[in-house]
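Since the structure comes first, as structure tokens, the remarks are kept for the end.
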Amino acid sequence: MVYFVGAGAGDPELLTIKGKRLIDNADVVIYAGSLVNPEVLKDVKKDCAVYDSAGMNLEEVLDVMKAAEAEGKTTVRVHTGDSSIYGAIREQLDALDKLNIEHEVVPGVSSFLAAAAAMQKEYTLPDVTQTVILTRMEGRTPVPERESIEELAKHRATMVLFLSVGMIDELVMKLKTSYPETTPVAVVYKASWPDQKIIYGTLSDIAAKVKEAGIKKTALVTVGDFLGNEYELSKLYDKTFTHEYRQGISE
Ligand code: SAH
């Protein structure tokens with residue numbers, strides 16, 4: 001059996017109870033060393049074999065899983081944040097299917113959620129935006145043309161950009177094709193880690209601020225008026241708004 005576990009954004013306490021139980025009982029652990037906090041692995045069994053996937057290719061990862069399976073061992077593959085977001089999990093699941101190896105996926109706290117928590121912001125503010133776009137800028141890995149930053153920016157929704165802070169100048173230029181220059185932007189570096197940093201600005205000054213702070217990776221760029229202070233109060237808690245669980249106050 002192979003379990004894919006989302007390790008959370010960094011803080012080891014963001015690991016789910018289920019994920020922690022699986023890691024602590026695993027015979028083999030393969031983790032993405034570049035982003036997974038090693039603290040997440042501090043209670044593994046004494047004889048647990050731990051592999052850092054940073055220096056391994058897909059075949060090598062699969063070979064470790066295959067060998068463990070042949071010995072009836074349990075493997076836990078640990079991904080940063082949640083494995084459904086840029087986790088390269090699909091190719092592993094499909095390969096395991098071909099090998100008839102059973103698998104299960106346990107979700108994790110993605111960095112985009114840890115970032116909102118760090119900022120104490122809500123991505124979906126009433127009357128501001130009700131949509132969150134999670135994306136990345138094209139780099140060495142291409143992005144489909146219809147999902148270019150310019151295309152997505154047209155919605156002026158909340159946008160969260162992974163894997164893009166290293167290209168902040170180009171990113172800002174592309175965003176400005178639809179978002180006004182005054183649009184607030186926050187860059188969250190290492191959300192939930194002890195060295196977390198949050199840089200606030202607007203489209204006109206964020207690039208300079210990010211460079212000044214020396215942030216080149218492990219950060220999210222969040223964009224939109226959700227960072228501002230204007231919004232409508234939520235209907236959900238409005239005393240005149242009735243819904244299934246609460247009758248409104250009638251005069
Ligand atoms: N599966 C992960 C994302 C992997 S892609 C998740 O759910 O979060 C790697 C990118 O995620 C990084 O380049 C960075 O943009 C972002 N990232 C990962 N951890 C982060 C953190 N703690 N703080 C800010 N950004 C982070």
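Each ligand, and each atom within it, is numbered from 1 in the order the structure gives. Count residues from 1 along the sequence.
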(message) Test your reading of the structure: does Ala219 have an N or O sitting under 3.5 Å from an N or O of ligand 1?
(response)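 Among all N and O atoms of Ala219, at least one is under 3.5 Å from an N or O of ligand 1.
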(request) Ignoring angles and geometry beyond distance, decide whether Phe112 reaches within less than 3.5 Å of ligand 1 through its nitrogen or oxygen atoms. (result) no
For [X], counting its heavy atoms only, list the atoms of ligand 1 lying under 4.0 Å from any of them.
{"X": "Val188", "result": "24 (C)"}
{"X": "Gly81", "result": "6 (C), 7 (O), 8 (O)"}
{"X": "Leu35", "result": "9 (C)"}
{"X": "Tyr86", "result": "4 (C), 5 (S)"}
{"X": "Trp193", "result": "22 (N)"}
{"X": "Ile85", "result": "1 (N), 2 (C), 3 (C), 4 (C), 7 (O)"}
{"X": "Asp82", "result": "1 (N), 6 (C), 7 (O)"}

What residue and heavy atom of the protein are closest to [atom], and at what distance?
{"atom": "atom 11 (O) of ligand 1", "value": "Phe162 CD2, 3.4 Å"}
{"atom": "atom 25 (N) of ligand 1", "value": "Leu220 CG, 3.4 Å"}
{"atom": "atom 2 (C) of ligand 1", "value": "Thr80 O, 3.3 Å"}
{"atom": "atom 20 (C) of ligand 1", "value": "Ser111 CB, 3.3 Å"}

(request) For atom 23 (N) of ligand 1, state which one of Ala191, Gly108, Ser110 supplies the nearest heavy atom. (result) Ala191
(request) Compare Asp11, Val109, Leu163 and give the one whose heavy atom is closest to atom 12 (C) of ligand 1. (result) Leu163
(message) Main chain of Gly10, side chain of Asn37: is a donor-acceptor contact present, judged purely on distance under 3.5 Å?
(response) yes
(request) Please check if the side chain of Thr158 supplies one atom and the backbone of Tyr123 the other of a donor-acceptor pair under 3.5 Å. (result) yes
(message) Assess whether a salt bridge exists between Arg90 and Asp94, defined as any Lys/Arg side-chain N lying under 4.0 Å from an Asp/Glu carboxylate O.
(response)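 Judged by the 4.0 Å cut-off on N to carboxylate O distance, Arg90 and Asp94 do form a salt bridge.
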(message) Closer than 4.0 angstrom, basic N to acidic O: yes or no for Arg156 and Asp225?
(response) no
(message) Working to the nearest 0.5 angstrom, can you tell me the gap between Ser84 OG and Leu134 CG?
(response)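 The distance works out to 9.0 Å.
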(request) Please test Lys121 against Phe226 for side chain to side chain contact (heavy atoms under 4.5 Å, CB included), starting from the C-alpha separation and ending with a verdict. (result) CA-CA 7 Å; Lys121 292 287 186 223; Phe226 82 95; 3.9 Å; yes
(message) Please tell me whether Ser204 and Thr202 have a donor and an acceptor in their side chains that are separated by less than 3.5 angstrom.
(response) yes
(message) Looking at Tyr200, I want to see if its OH is surrounded by more than 12 non-hydrogen atoms of other residues, nucleotides or ligands under 6.0 Å.
(response) yes
(message) Quick check: do Leu220 and Val187 have side-chain heavy atoms less than 4.5 Å from each other?
(response) no
(request) Taking the side chain as every heavy atom from C-beta outward, state whether Val128 and Glu232 have any pair of such atoms under 4.5 Å apart. (result) no
(message) Under 4.0 Å, counting heavy atoms only: does His79 come that close to any atom of ligand 1?
(response) no
